[in-house]
J.: 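Below you'll find the structure I mean.
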Amino acid sequence: MTPKQRAGEPTPAKKAPKSMPYEQGAWAHVFAPRAAGEIRYWLIKSEPDVFSYEDLEKAPKKTTCWDSVRNSSARNFMRDGMKKGDLAFYYHSNADPSAIVGICEIVREGYPDPTSWDPSHDYFDPKSDPDMPTWYMVDVKAVKAFRTPVPLQQVKDDPALAEMALVKVGRLSVVPVTPDEWAHVCALGGV
DNA sequence: GCCAACGTTGGC
DNA sequence: GCCAACGTTGGC
């Protein structure tokens, strides 16, 4: 399934839904067709106590599957937005301080998350069926740690980053990053 | 630990 | 379809 394509602006006659999924509103463009060779940018969050950027660097092939995401907007970004070769910031949430700490690459595109139909798993979802999976994941590989982590406060204080989805939408664990934001944050991080 | 900002659920 | 109750994320 692909996300509904939104041709142009919402019809004025139709009242906008109370809560429009992010992927159909301001960030619909991240699902649009790409120019040849175009790379898109993302940000993924993980609590360092659970799985840190260092853990990713130490993992076999520096790669892991990004499983257990149980939010439909985050799922759609992974399933329908991310393509192999895309890059993502690695963000430590619930950390001291919470910060963007490194870069990883999408090395496998969206595929069903088997933890969702494993009854012994913490994030088991009885409504997810292997024949019609509800939840998807991607594989990510560590590329480069920031020389200087960029704390959330620094992002919030920087006018160039005021529109980052990270600050505009607090609780979403997978969000898009614009090319300008990407370049700016990379410079701050010393990479 | 508190709570704001959501998303989801379920009664009606 | 509405909306109140509840659950989750994650900053502080």
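First the proteins, then the strands, lettered A, B, ... as listed; each starts at 1. Side chains are part of it too, since the values below use all heavy atoms of this structure and drop only hydrogens, waters and symmetry mates. Remember, it's a predicted structure, so these values are computed and weren't measured experimentally.
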J.: Choosing from C/dG10, B/dG7, C/dC12, which nucleotide comes nearest the side chain of A/N71?
T.: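 Of the options given, the side chain of A/N71 lies nearest B/dG7.
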J.: On the six-membered ring of A/F77, is A/R79 placed so that its NZ or CZ lies under 6.0 angstrom from the centre and within 45° of the ring axis?
T.: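 The answer is no, since A/R79 fails at least one limit relative to A/F77.
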J.: When you measure from the side chain of A/S93, which nucleotide among C/dG10, B/dG7, C/dC12 comes out closest?
T.: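 In terms of side-chain proximity for A/S93, the closest of C/dG10, B/dG7, C/dC12 is C/dG10.
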J.: Looking at residues at least two apart in the chain, or sitting in another chain, which of them share a ring-ring contact (aromatic ring centres under 6.0 Å, His included) with A/W182?
T.: A/Y41, A/F89
J.: Nearest-Å distance, CZ (A/R171) to P (C/dC6)?
T.: 20 Å
J.: Using a heavy-atom cut-off of under 4.0 Å over every strand shown, decide if A/K156 touches base, sugar-phosphate, or nothing.
T.: sugar-phosphate
J.: How many whole angstroms separate atom CG of A/D49 from atom P of C/dG11?
T.: 13 Å
J.: Classify the side-chain pair A/Q154/A/D158 by whether it contains a donor and acceptor separated by less than 3.5 Å.
T.: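 There is no such pair between these side chains.
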J.: Hey, is the side chain of A/Y91 poking within less than 4.0 Å of OP1 or OP2 on C/dG11, counting only N and O atoms?
T.: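 Result: yes.
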J.: Taking it one step at a time, do A/D125 and A/W135 satisfy side chain to side chain donor-acceptor pair (under 3.5 Å)?
T.: CA-CA 9 Å; A/D125 178 357; A/W135 304 113; 2.7 Å; yes
J.: Rounding to a whole Å, what distance do you find between A/D125:CG and C/dG7:P?
T.: 16 Å
J.: Where the side chain of A/S173 is defined as all heavy atoms beyond and including C-beta, which of C/dC12, B/dG7, C/dG10 is the nearest nucleotide?
T.: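 Selected nucleotide: C/dG10.
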J.: Between C1' on C/dT9 and NE2 on A/H92, what's the gap in Å once rounded to a whole number?
T.: 17 Å
J.: Rounded off to whole Å, could you give me the CD1-to-P distance for the A/I44 and C/dT9 pair?
T.: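 Spelled out: CD1 on A/I44 to P on C/dT9 is 16 Å.
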J.: Closest approach to the side chain of A/S72, judged atom by atom: which nucleotide of C/dG10, B/dG7, C/dT9 is it?
T.: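 Per side-chain heavy atoms of A/S72, the pick is B/dG7.
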J.: Between A/K168 and A/N94, which has a closest nucleotide on DNA chain B that is more 5'?
T.: A/N94
J.: Output yes when at least one side-chain N/O atom of A/K45 is less than 4.0 Å from OP1 or OP2 of C/dG10, else no.
T.: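 Indeed, a polar side-chain atom of A/K45 lies that close.
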J.: Please tell me if the side chains of A/L172 and A/N71 come closer than 4.5 Å, counting only heavy atoms from C-beta onward.
T.: yes
J.: Atom CG of A/D96 to atom C1' of C/dC12: distance rounded to whole Å?
T.: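 Atom CG in A/D96 sits about 11 Å away from atom C1' in C/dC12.
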J.: Roughly, in whole Å, what's the span from CG in A/L172 to P in B/dC6?
T.: 11 Å
J.: When the distance from CZ of A/R70 to C1' of B/dT9 is rounded to whole Å, what number comes out?
T.: 18 Å
